[in-house]
Amino acid sequence: MRWSKLFIPTLRENPAEAEVPSHQLLLRAGYIRQLSAGIYNYLLLAQRSIHKIMQITREEMDAIGGQEMYLPALNPAELWQESGRWDVMGDNMFRLKDRFQRDYCLGMTHEEVVTYIARGELRSYKQLPQIWYQIQTKFRDEPRPKSGLLRVRQFIMKDSYSFDIDPAGLDASYQKHFSAYCKTFDRCGLKYTIVEAHSGAMGGSQSHEFMVASEAGEDFIVVNPKGGYAANLEKAVSRPAPPASPDPDGDLSPEEFHTPGQKSIEQVSAFDGFPAASHLKTLVMVADEQPVLALLRGDHQLSETKFAEALGVNHFRPAHPAEIYGWMGAEAGSLGPAGVTNMRIVADKALEGRRNMIAGANKEDYHLRHVTPGEDFQAEFYDLRQVAAGDTDISTGEPLEVIKAIEVGHIFKLGYKYSSAMGLRVLDEHGKEVTPIMGSYGFGMERILCAAIELYHDADGIIMPASIAPFHVVLTPVNSNDAAQREAAEKLYGECRRLGLDALLDDRDERPGVKFKDADLIGIPLRITVGKKLAQGIVELAIRKGRRLLDVPLAEAAAKAKQLLA
RNA sequence: CGGGGCGUAGCGCAGCCUGGUAGCGCACCUGCCUUGGGCGCAGGGGGUCGGAGGUUCAAAUCCUCUCGCCCCGACCA
């Protein structure tokens, strides 16, 4: 394509609203423009990159027997009421009414739709397994769209669904997706970590996320850098670092001491001279309308996911100050478990075996020393603690790291949630009716694009992996008034295209600096500069990644470019 | 939904506190010039100051309401 005819609105300056690198660069490089919060126009460059990601996706999905479909974004409410998600999804789902006041929604995913199709048509185990996929626009009314294309309200997702006759079949479908995802992300040039994940509101058992380490990410993952363990922070387990100082020995009884104005663990710890780990953190939660006391070591954080899982509840919240006072007789800051009998008490396992700790006295401005779990209060012990840097691997004892990451893909075993709720049955080989088991696997096109940019950029712009770059190579005549340079660039352009490269001819009447800056900014992997060395039959091949320069004979330049891109 | 910030030319911003001519840089248009890293000179076009209401002789500026966007948190397949 000829640059002079294209709409590539690059910006010299960073738009003020953009914070993360991928957002700044997508705007500056003219890939996207915003329409509304979390809603973007994908201009030529973004569209071309996304098409390439889609193509790779199709190839890898087709390779595992996936069948591409196109399903409606506009869904009738009944479908979602059947699965129960009409209510579960709450405000995250875009809802609308048609002219007859019937309820509809814009699909967030398509479990309901594929299950609807399946139950109407699948009759026999002989038709299984099936893997159906779609690459389509999905809608989520995010409470806070942010970070450019990373968290948006409308996005393009590849979603696939598997139907198998039994769990062994699901294992196979899951494994196929696992490897197809690896191939897809590899081909898109991403560096990623696969972590065990929490399956969340989707239900189901096994689940993995594909995470790209990035400061722009919104998830935290726990990894053993030596390899092996990797998990989403929500689900990660670890051996906690030992308490900073040993517990006092002896069978001591709780003893009040005055702590005027000392509320937080940090304050109390500074006041009494014992490290945070020698204190008990006492949180009052309300889980399914019931008060629950959650206890942690002073330097630990509550994992909300683990807490909900341990209690088997869906909804919980911190108690309001008035509730706390009513139940505990004291305000947050002076709370402790000793003497509490009017609510369930759950304690993190790191507290098992500890002795003579410091806790609030449930009396303003007083704490208790020598509080011992199991003696001075009874509790149910669960893993409730969020893993922290400094903890160690449960199996190897090696130190773990907590890393911020972008979730680019998620696969999970759904189980029977939808097939069962929506009445999908087939006959097995004995003529008996059975419910197929399902899997669900998704990733977002935009997330891959963003993750690539987050991973690969420098002060000059994007360094796009060749496989998903909007163009492979740009032909840049240095002096647009020089007919020989123009002609040579034109000739190279034709040759590159004949070799199957996505070539861009920078035929704009611009100064060389402008052309170079733009090419760098939008991240074209290769640039062939036709300049003064043309007199010697030489052109220059500039490799965006690593900024290498090669002088090559004009006649060989296109072939060399193709070779470099392979 | 809680907290914070910002809406002035296409982009980045100043002006607002202390009311009185709407400004700067980049971009854009014309001409000349220049051609290996956002070149130079000259001329030029472009603004409901987010919107509504109010105070005032007079509002970008003060007051009230409202809409939008961004950031932090909550939330999140």
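The chains referred to below are lettered A, B, ... by the order of the sequence lines, with proteins before strands, and numbering in each begins at 1. As the structure is a prediction and not an experimental result, all values here were calculated from the model.
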Student: Taking the C1' atom of each, how far is B:G31 from B:A52, in whole Å?
Tutor: 46 Å
Student: Using heavy-atom distances to pick each residue's nearest nucleotide on RNA chain B, tell me which of A:D520 and A:Y161 is more 5'.
Tutor: A:D520
Student: Rounding to the closest angstrom, what is the interatomic distance between B:G54 and B:C72 at atom P?
Tutor: 39 Å
Student: Can you list everything that forms a side-chain contact (heavy atoms from CB on, under 4.5 Å) with A:I543? Sequence neighbours excluded, please.
Tutor: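 A:L526, A:R548, A:L550, A:L564.
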Student: A:E209 near the nucleic acid: base, sugar-phosphate alone, or nothing, with a heavy-atom cut-off under 4.0 Å?
Tutor: nothing
Student: Considering only atom C1', compute the distance from B:C16 to B:C62 and round it to an integer number of Å.
Tutor: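 To the nearest whole Å, 10 Å.
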Student: Would you mind classifying the nucleic acid contact of A:D460 as base, sugar-phosphate or nothing, using non-hydrogen atoms under 4.0 angstrom?
Tutor: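 No contact.
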Student: What I want to check is whether an N or O donor and acceptor connect the side chain of A:R28 with the base of B:G38 at under 3.5 Å.
Tutor: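 A donor-acceptor contact between them is present.
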Student: Apply side chain to side chain contact (heavy atoms under 4.5 Å, CB included) to A:Y133 and A:R58, showing your working.
Tutor: CA-CA 9 Å; A:Y133 77 96; A:R58 287 202 171 94; 3.8 Å; yes
Student: Which class fits the ring pair A:Y181 and A:F185: parallel under 30°, tilted 30 to 60°, perpendicular over 60°?
Tutor: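 Rings of A:Y181 and A:F185: perpendicular, as their planes differ by over 60°.
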Student: Please determine if A:E82 and A:R119 form a salt bridge, counting it only when a charged side-chain N lies under 4.0 Å from a carboxylate O.
Tutor: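 Salt bridge: yes.
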Student: Looking at residues 29-39 of chain A, who's got a heavy atom less than 4.0 Å off RNA chain B?
Tutor: A:Q34, A:S36, A:A37
Student: Between P on B:C28 and CZ on A:F7, what's the gap in Å once rounded to a whole number?
Tutor: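 Spelled out: CZ on A:F7 to P on B:C28 is 13 Å.
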Student: With a 4.0 Å cut-off on N to O distance, would you call A:D103 and A:R95 a salt bridge?
Tutor: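 No, no charged N to carboxylate O under 4.0 Å.
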Student: Please list, pair by pair, any protein nitrogen or oxygen found under 3.5 Å from a nitrogen or oxygen in nucleotides 71-73 of chain B.
Tutor:
from	atom 1	to	atom 2	distance (Å)
B:C71	OP1	A:S147	N	3.4
B:C72	OP2	A:R144	NH1	3.3
B:C72	OP2	A:R144	NH2	2.9

Student: Could you tell me the Watson-Crick or G-U partner of B:A58, where both distances fall under 3.5 Å? Say none if there is no partner.
Tutor: none
Student: I'd like to check the side-chain contact (heavy atoms from CB on, under 4.5 Å) partners of A:R144; sequence neighbours left out, ordered by chain and number.
Tutor: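 Only A:K146 meet the side-chain contact (heavy atoms from CB on, under 4.5 Å) criterion with A:R144.
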Student: Any strand is fair game: report the nucleotide pairing with B:U48 by Watson-Crick or G-U wobble, both distances under 3.5 Å, or none.
Tutor: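 The base-pairing partner of B:U48, which may sit in any strand shown, does not exist here.
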Student: Sort me out a list of protein N/O and nucleotides 48-52 of chain B N/O pairs below 3.5 Å, or just none if empty.
Tutor:
none

Student: Could you pull out all residues at least two apart from A:Y104 that satisfy ring pair (Phe, Tyr, Trp, His ring centres under 6.0 Å)?
Tutor: none
Student: Taking pairing as Watson-Crick or G-U wobble with both contacts under 3.5 Å, can you name the mate of B:G73, or confirm there isn't one?
Tutor: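 Here B:G73 is engaged in a pair, and the nucleotide opposite it is B:C1.
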Student: Do any pairs count as a side-chain hydrogen bond (donor to acceptor under 3.5 Å, both in side chains) and have a residue in residues 512-532 of chain A, sequence neighbours left out, and if so which ones?
Tutor: A:T10-A:D518, A:R508-A:D518, A:D520-A:R547, A:R527-A:T529
Student: Taking the side chain of A:R151 as its heavy atoms from C-beta onward, which of B:C13, B:C76, B:G38 lies nearest to it?
Tutor: B:C76
Student: Does B:G7 pair with anything, Watson-Crick or G-U wobble, both distances under 3.5 Å, and if so, with which nucleotide?
Tutor: B:C67
Student: Out of B:C11, B:G36, B:G37, which has the shortest distance to the side chain of A:E13?
Tutor: B:C11
Student: Sticking with atom C1', work out how far B:G38 lies from B:G20, rounded to a whole angstrom.
Tutor: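 Straight-line distance between the two C1' atoms is 40 Å.
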Student: Between the base of B:G37 and the side chain of A:R547, is there a donor and acceptor pair under 3.5 angstrom?
Tutor: no
Student: Please name the pair of heavy atoms, one in A:G298 and one in A:K281, separated by the smallest distance, quoted to 0.1 Å.
Tutor: O-CE, 3.5 Å
Student: Could you list all N or O pairs between the protein and nucleotides 32-35 of chain B that sit under 3.5 Å apart?
Tutor:
from	atom 1	to	atom 2	distance (Å)
B:U34	O2	A:R511	NH1	2.7
B:U35	O2'	A:N479	ND2	3.0
B:U35	O4	A:N481	ND2	2.0

Student: Sequence neighbours excluded, which residues qualify as side-chain contact (heavy atoms from CB on, under 4.5 Å) partners of A:L505?
Tutor: A:R2, A:L475, A:A489, A:E490, A:Y493, A:D507
Student: Within the 4.0 Å heavy-atom criterion, would you say A:R317 contacts the bases, only the backbone, or no part of the nucleic acid?
Tutor: nothing
Student: Measure from CG on A:D458 to P on B:G37 and round the result to the nearest Å.
Tutor: 18 Å
Student: Under 4.0 Å, heavy atoms only, any strand: does A:E234 hit a base, just the sugar-phosphate, or nothing?
Tutor: nothing
Student: When rounded to the nearest Å, what value does the distance between P atoms of B:U48 and B:G10 take?
Tutor: 8 Å
Student: Given 3.5 Å as the limit, does a donor-acceptor pair link the side chain of A:Q134 with the main chain of A:M69, or not?
Tutor: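 Checked: no pair found.
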Student: Taking the same atom, C1', in B:G47 and in B:U21, what whole-Å distance lies between them?
Tutor: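 Going atom to atom, C1' in each nucleotide, I get 15 Å.
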Student: Of the candidate nucleotides B:G37, B:G38, B:G12, which contains the atom at the shortest distance from the side chain of A:R527?
Tutor: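 Out of B:G37, B:G38, B:G12, the nucleotide with an atom closest to A:R527's side chain is B:G37.
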Student: Quick one: list whatever passes side-chain hydrogen bond (donor to acceptor under 3.5 Å, both in side chains) with A:D159, sequence neighbours left out.
Tutor: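 For A:D159, the residues satisfying side-chain hydrogen bond (donor to acceptor under 3.5 Å, both in side chains) (neighbours in sequence not counted) are A:K138, A:Y161.
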Student: Can you give each donor-acceptor pair under 3.5 Å made by side-chain atoms of residues 441-448 of chain A, sequence neighbours left out, with the distance rounded to 0.1 Å?
Tutor:
from	atom 1	to	atom 2	distance (Å)
A:Y441	OH	A:S162	OG	2.7
A:E446	OE1	A:I156	N	3.0
A:E446	OE2	A:Y42	OH	2.4
A:E446	OE2	A:I156	N	2.8
A:R447	NE	A:L150	O	2.8
A:R447	NH1	A:E407	O	2.8
A:R447	NH2	A:L150	O	3.0

Student: Using whole Å, report how far CZ of A:F220 lies from P of B:C76.
Tutor: 16 Å
Student: Using the test side-chain contact (heavy atoms from CB on, under 4.5 Å), find all partners of A:Q130 that sit at least two apart in sequence or belong to another chain.
Tutor: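 Applying side-chain contact (heavy atoms from CB on, under 4.5 Å) to A:Q130 gives A:Q67, A:L122, A:L128, A:W132, A:F163.
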Student: Show your working on ring-ring contact (aromatic ring centres under 6.0 Å, His included) between A:H208 and A:F210 and close with a plain yes or no.
Tutor: CA-CA 7 Å; A:H208 286 94; A:F210 293 74; 7.6 Å; no
Student: Can we say A:D219 and A:K404 salt-bridge, meaning some charged N sits less than 4.0 Å from an Asp/Glu carboxylate O?
Tutor: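 Salt bridge: no.
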Student: I'd like the P distance from B:U8 over to B:U35, given in whole Å.
Tutor: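 Those two atoms are separated by 40 Å.
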Student: Using atom C1' of each nucleotide, how far apart are B:U61 and B:C17 to the nearest Å?
Tutor: 9 Å
